Structures are given as structure tokens and as C-alpha cells.
Amino acid sequence: MSPIRLTLPDGSVREVPEGTTSRQVAQSIGAGLARAALAARVDGQIRDLDRPLTQDARFAILTEKDPDALEVLRHSAAHILATAVRELFPTAGIGFGPPIEDGFYYDFEVERPFTPEDLEAIEKRMAEVTGKDYPFIREVVDRPEANRRFKDDPLKLERIADLGPDETITVYTDGPFVDLCRGPHLPSTGRLKHFKLLSAAGAYWRGDSRRQMLQRIYGTAWFRKEELEAYTHRLEEAKKRDHRKLGKELDLFLFHPFAPGAAFWTERGTSLYNTLNQFMRELQRDGYQEIRTPLLYNKGLWEISGHWGKYKENMFLVHNNETGEQDMSLKPMNCPSHHILYGLGKHSYKELPIRYSTYDVLHRNEVSGALSGLTRVRQFSQDDCHIYLMESQIPEEVRRLTEFILGYYRTFGLEATLKFATRPEQRIGDDGMWDRAEAALRAALEATGLPYELKPGDGAFYGPKIDFDVADSIGRKWQLGTIQLDYAAPERFDLHYVGEDNHEHRPVIIHRAVNGSFERFIAILIEHFAGAFPLWLSPEQVRVLPISDQQAEAAARVNETLRTAGIRSTLDAGSQTLNYRIRDGEIGKVPYMAIVGQREAEAGTVAIRVRGAGNKQEIIPVAEFTARLTAAIAARSLTP
RNA sequence: GCCACUGUAGCUCAGUGGUAGAGCACUCGAUUCGUAAUCGAGCGGUCGUCGGUUCAAUCCCGACCAGUGGCUCCA
């Protein structure tokens, strides 16, 4: 056998006989590395340790430290889960079992759904499977052999049938369990040590609601105990921050069965909503035209926009008494109404870009099972904007928008990452148009200097787009803003502008949202800040507390002074003890408590207690306190 | 929409085949207090809705409504 050359991560080259396994290479490098080895990276591809090496390659041993190793661990964990389920439920059919972010799942076809007790038993059995330390054995099989091995697993047979003719079919065995799988896997089941099953839920076979429902088990797996604990801690933290829980506790919004998917905003929630809206209005004071358009339309509009054909399921249709038919609908999007308004006038190139912004209420008929708190609702408002412009204006406009959006997020301490989605297979317009549109978007992206992820083929059928993902304070990602180029709508709505040449031309449209929707953005803010909003956003910015009735009047005057300065201040002069009222303020996450005792009443000062800072009080004149708050509010300071 | 689970006072939750409790909140009284719960009394629920089984249903069964976790979809 001829030797092959392996280039190691440190640049050194090692010659080994062809057919040597990665495990053997690891051993030859060092016993410690061999013990730590989980898999190998061969020319960038992750492989099982025991696969023989066949040609020259860049080579690295994968240990726990490698981020890609987690995927291998979790994929193997899924197999171990299936091994356990098959032992406890021998007739269970097996679907797919991939690694996912933070864990893994496996889908089973069983007679009855899994109960929490089942999960406990399965988890216990998984521990036995890892205890036995079965090696994961990879085999390449031909199609007839694969069909024979899985003759009792219809789901696997279906998968095999879908494999292309040149695809290598591999099966993996760990102890009693055999699975069709591309791999790679851990060397043996004993390498999985820290895992936990989390939940069971129904899931359609292949995500298709017309197919049978399988039972999915979710789990998580980590290399180190502390990581598993940190992860379960993170789940608990997320639960504590859940906007549905905090929304109730902080009295921000409520839901009622009579209006599923539509929030009732309390005074405090409305304050939050309006503060955000005010901020957006202020940012869009120049260069934008805020407009309001009807909420209810004849189907004629939806026929032009294409919604009647493609989006009807998601629209709330309204019965028209005159025609006796459901030929009207509440608007699910603002775009068509904006296009109508644009089309009603004649526009010169000198007016462009025309930026229509709106906060109108939208309705989308989401299926009942999809509704969830404020993040998934049927009634909401977007901070929507449609920009009508000439193609030549796209680069500059996109650059402005990107800066605008990123600056907006920064106000909340949110960092965004960008995604650039290009032409999909199904699209309108010629390649020249797409070339120009994508180049313009890309140039704008490059100009930000920020890294972005390329999503080829993920654009809308009418144009490419930039999406903005935001990570909150506990690392969860949310897709928020979007900038989409649209070449189709101007055609459909027959929109023009008069050019320098005195002829009519088609404008291009940019769809832009920053918040996504106020509802969802507020949910994210609640969770991001864990309900402790920065001063400028807080529904109640200050609570004034007299120490006893003797200072009630002085405290009322302080409260009046603050309110006159435009600060959202309240007075809590109840008959409860001071301790009680302070506790109440802390639980209510009020940024500042201003305490007025005899000394303060006489000196015209307040003792300030900052949220979360304990009793490290500062005593300052009321005027100074007012000035300080006013400045912090104007600056939209993040602290406190 | 589909699968599973859940629904008891404003909130968090206990409980039983013989028509219900706790803590907090609220109301009233006393307390006037210097930085995270003062004491006492009281008010408050046709046990999600409708139907069935039963001498008797909040409890068992069914349907519906809503919520939760997923699937799907998306802002």
C-alpha cells in the first residue's frame, strides 16, 4: 500500500499507509489525543474515527473542544434515544433523528403518545445504553441490502426510496439498534454522558400535514456537566423572562377568549406601545410621509395584489350585506393600500424617493395552534414603510435604511446580524434586473462593514432582501427588520413617475420594517430587559413615597413637579409601611423611587432609590432630580 | 388546522363522586413607620362552556372554547 500524506492543523505533514484509520493516526500522535478523539475532520468533512483514510488530505482530530463535535454528540444521542425507545417499545417505527440547536430529537411512530413517565423510563434506559458503551459501527450497504435490513420500517424504506442512485447508503449499529444514517457518530455510546430528555410532541412525518403524525422526543446533550447545567439554567431564565408571565405581572397586556390572538393593552402596556411609536415617529420626522389608509377592502384590490389567490387562507373575510357574499377583507399587509395611494397621484422624479410610513392595524388569520402570546398574534401593527424610488437611488437608500435599522436596535442594546437573500428559483424579472438589484443591496451591505450571511435563493420572488436578526440579552435570536426590493408590485399596480425626459417610468419599491411588529418587538423587549425597562421606556418612571402621612403633602408636590416636567411619576401615599411600599416598587420594576421623609420635606430634596441597587440612596434637590431624569429620558439611556 | 397536555377566587396554586380551600391582591379598622412583606377582620368562585353517566359530578365520559409544548407557517 502506498503512503498518503496528511496535513495536520499545525501545518506539519504526516505520512501514513493508505487504509490507516483516523483512530490509528490519533494514537500515533499521542495516547491522550487518542483518548479524547471523537471523530476526524478530513478535508473539512467530519468522519468517523474508524473510517480508513484513502488519500492525501488536510486532517484534524475532533475533540470535545471543537464546536462541530457537539453535532456529532447530539446526533449520536438521537440514536441512543432511539435505541432506548426500541427496547421499551419494540414496535415503534423510526422516522428521523437529527441534531438541532442545543440538542436533538427523534420521531417515532407509536400506538399512543409518550407520557412524561415514558420519558423518565426512556431516559433511564438511555443511561443503560451509554453504560454498555456499544461501539457505533458504520457499514456501507447496497440498496437491496438496505431494503432488507429495514423491511419492517416503512418510514426508513420511504427514505431509502428517495435516495438518489449514486448516493452511498450507510447504516450505523449501536448494540441492538440499527439505523439508516449518513453519520458521523461518536466512537461508542459511552461517550455520551450529560444529556436530558426535555419534551414530547406530535410532529408530522416529513413536516407534511397530510401525512401521519409521529411522536417526537426532544432532548439536549453536552460534553460537560456544567454545560448541561448552564443550559437547563438558561431554560429556567428564559421561563422567568417569558413576556406572557411578565406581561401579566407588570400589568402590560391581557388576552380574552373572545378575541384569541389579539391583545388587550392596559394603561401601562399602552404607554410602552406609544413610547416606542413616538420614538419611531421622531426618527422618521424628516423624509417620511406618515399616512393612514383603509383597513377594509373589496376583493378587487386583493385580486390585483395577488393575495386573493395566494393568501386568502390567512385573511379575515368580511360579509358584504349588499352582495351577500364574503367579498371584502381586512388588510393583512399595508403594501397594496400604499400602492393605491401612490397611484392616485402623478409623481415627478424630483419627488423620489417617496417614503410612506404607517402604523395601521393589520389582521392575519393565523391557525389557532400557531398563536402564542404577543409573538404570534392575529392583530398587530408594523412600523411599515414603502419607498418608491428610481433604480439609480437604490444603493444610497439601502445604505441609509441599514444605518437607520442598526441604530434603532442599538438604542435597546440589541446587536443585529445581517442576512442577504438572493434570487430564488421561482422569480419574476430578467437576470439583468436581478444582477442590478443584488449588486445594489450587496454594495450597501459592504458599506456597513458588518459581516453578513449569504442566503442564496432565499429572496422573495419579486426581489432580493436583507433580513436583520437580533440577539437578546440571553442569546436568543429573533428575525426583526427587513429591507426588500420589489420589482413586481409597480407592474401589478401600474405605477409610474415622470422622468427627466418627460416620459413615464416604472419606480422600484422597497418594503421596510424595523420592529417587525410592535407586538412582537415589545415581547422581545420584555424578555430582553426581563421587564426592567430603561427609564425612557418604563410605563412608570418614578414612584414618590412619603415616609409617613406627615410628608404626604410634600410628596404630592414632588410628584406634581415631576409630572409637570413630563415625567411619568406616581404617588404611593398608602397606609402601608415604607418597607412594604418599597418592596412593591421593586417588584413592579419601577426605575426610581423618590422617598420623602421629614428631612427631605424640609430641605426640598428627595432620597433616591434606584431599581435593583438596594438602599444605596442619594439625597438631592427635587430640581436636580427632575433635570437628571429629563436628560436621561431624552438621551434614551439604557441605565437604569 | 393536527397531536399531546392544561383550565378551581384578580394572581399563584392545593383538593374531593356527597355542591370547595391556602397565600398574595382587594375592602374596612388599627398602626405613621428612614429603604424588599405591621396586625386584625372582611369581601370574593354556578370549579372554562355545553351535554352525558349517576340517587348525587368541580371530580368519570364526550363535544366545544381557550391556553401551553410541538408540527406547519411567518412579522
Side-chain angles (χ1 to χ4, degrees), chain A residues 95 105 107 110 112-116 118-119 198-218 239 242 244-245 248-249 251 254-261 311 313-314 332-334 362 364-384 467-468 478-482 511 513-521 523-524 545-552 573-588 593-601 607-619:
Chain A
Y105 69 78
D107 287 341
V110 280
R112 60 163 179 85
F114 296 111
T115 63
D118 291 335
L119 289 197
L198 298 172
S199 60
Y204 296 110
W205 169 232
R206 316 199 95 174
D208 185 341
S209 59
R210 289 163 304 190
R211 307 294 301 268
Q212 71 265 47
M213 176 134 318
L214 307 180
Q215 295 304 319
R216 176 171 298 180
I217 297 178
Y218 284 94
K239 223 175 186 177
D242 191 318
R244 292 168 298 196
K245 179 167 130 56
K248 212 183 280 177
E249 285 174 7
D251 189 26
L254 298 159
F255 286 92
H256 190 276
F258 286 165
Y311 202 75
E313 302 266 290
N314 280 293
M333 297 177 191
N334 290 307
L362 303 176
R364 295 188 191 171
N365 194 1
E366 301 288 350
V367 295
S368 55
L371 301 177
S372 176
L374 286 179
T375 53
R376 202 88 194 130
V377 288
R378 286 184 175 147
Q379 181 194 305
F380 59 98
S381 309
Q382 296 179 316
D383 54 341
D384 213 354
D467 285 329
F468 294 77
W478 304 87
Q479 206 217 296
L480 292 183
T482 188
H511 303 250
V514 186
N515 281 343
S517 75
F518 281 92
E519 280 71 6
R520 203 169 68 119
F521 191 67
I524 292 165
L545 310 181
I547 286 180
S548 78
D549 281 354
Q550 255 104 66
Q551 299 88 38
S575 69
Q576 292 285 6
T577 60
L578 180 65
N579 271 341
Y580 181 94
R581 285 174 288 148
I582 284 177
R583 180 181 144 83
D584 206 42
E586 288 286 352
I587 289 171
M593 278 180 264
I595 294 149
V596 182
Q598 206 46 47
R599 295 196 293 273
E600 289 77 15
I608 305 168
R609 183 185 165 112
V610 182
R611 176 180 61 205
N615 62 352
K616 280 179 273 177
Q617 63 173 348
E618 189 186 356
I619 298 172

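The figures here come from the full heavy-atom set of this structure, side chains too, leaving out hydrogens, waters and symmetry mates. Since we're looking at a predicted model, the values are computed, not measured. Every chain is numbered from 1, with letters handed out A, B, ... down the list of sequences.
- Judged as a side chain to side chain donor-acceptor pair (under 3.5 Å), and not counting sequence neighbours, the contacts of A:Thr482 are A:Asp467, A:Gln484.
- Residues satisfying the side chain to side chain contact (heavy atoms under 4.5 Å, CB included) test with A:Val367, not counting sequence neighbours, are A:Ala370.
- Under the side chain to side chain donor-acceptor pair (under 3.5 Å) criterion, A:Asp251 pairs with no residue at all, not counting sequence neighbours.
- By the side chain to side chain contact (heavy atoms under 4.5 Å, CB included) test, A:Pro113 pairs with A:Gln215, sequence neighbours left out.
- Contact annotation for A:Gln382: backbone-only contact, meaning every heavy-atom pair under 4.0 Å involves sugar-phosphate atoms and none involves a base.
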Q. Which dot-bracket notation, 5' to 3', represents the base pairing of RNA chain B when pairs are defined as Watson-Crick or G-U with both distances under 3.5 Å, crossing pairs as [ ], and inter-strand pairs as |?
A. (((((((..((((....[..)))).(((((.......))))).....(((((..]....))))))))))))....

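- Counting only residues at least two apart or in different chains, salt bridge (Lys or Arg N to Asp or Glu O under 4.0 Å) contacts with residues 373-383 of chain A comprise A:Glu366-A:Arg376.
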Can you check nucleotides 70-74 of chain B for protein contacts, nitrogen or oxygen pairs under 3.5 Å, and list what you find?
residue, atom, partner, partner atom, Å
B:G70, O3', A:Tyr218, OH, 2.9
B:G70, N3, A:Gly202, O, 3.3
B:C71, OP1, A:Tyr218, OH, 3.4
B:C71, O2', A:Tyr204, N, 3.1
B:C73, O2, A:Arg376, NH2, 3.0
B:C74, O2, A:Arg376, NH1, 2.6
B:C74, O2, A:Arg376, NH2, 3.4

Give me the distances for all protein-to-nucleotides 59-62 of chain B N/O pairs that come in under 3.5 Å?
none

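- Every residue two or more places apart in sequence or in another chain that forms a side chain to side chain contact (heavy atoms under 4.5 Å, CB included) with A:Leu374 is listed here: A:His243, A:Phe253, A:Phe255, A:Ala263, A:Trp265, A:Glu519, A:Ile522, A:Ala523.
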Q) Going 5' to 3' along nucleotides 29-34 of chain B, which nucleotides have protein heavy atoms under 4.0 Å from the base (write B), which only from the sugar-phosphate (write S), and which from neither (write -)? A) --BBBB

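- With sequence neighbours excluded, the residues forming a side chain to side chain donor-acceptor pair (under 3.5 Å) with A:Thr115 are A:Glu117, A:Asp118, listed by chain and number.
- The side-chain tip of A:Arg216 points at the ring of A:Tyr105 from less than 6.0 angstrom away and within 45° of straight on.
- A:Ile619 pairs by the side chain to side chain contact (heavy atoms under 4.5 Å, CB included) definition with A:Glu600, A:Thr605, A:Ala607, not counting sequence neighbours.
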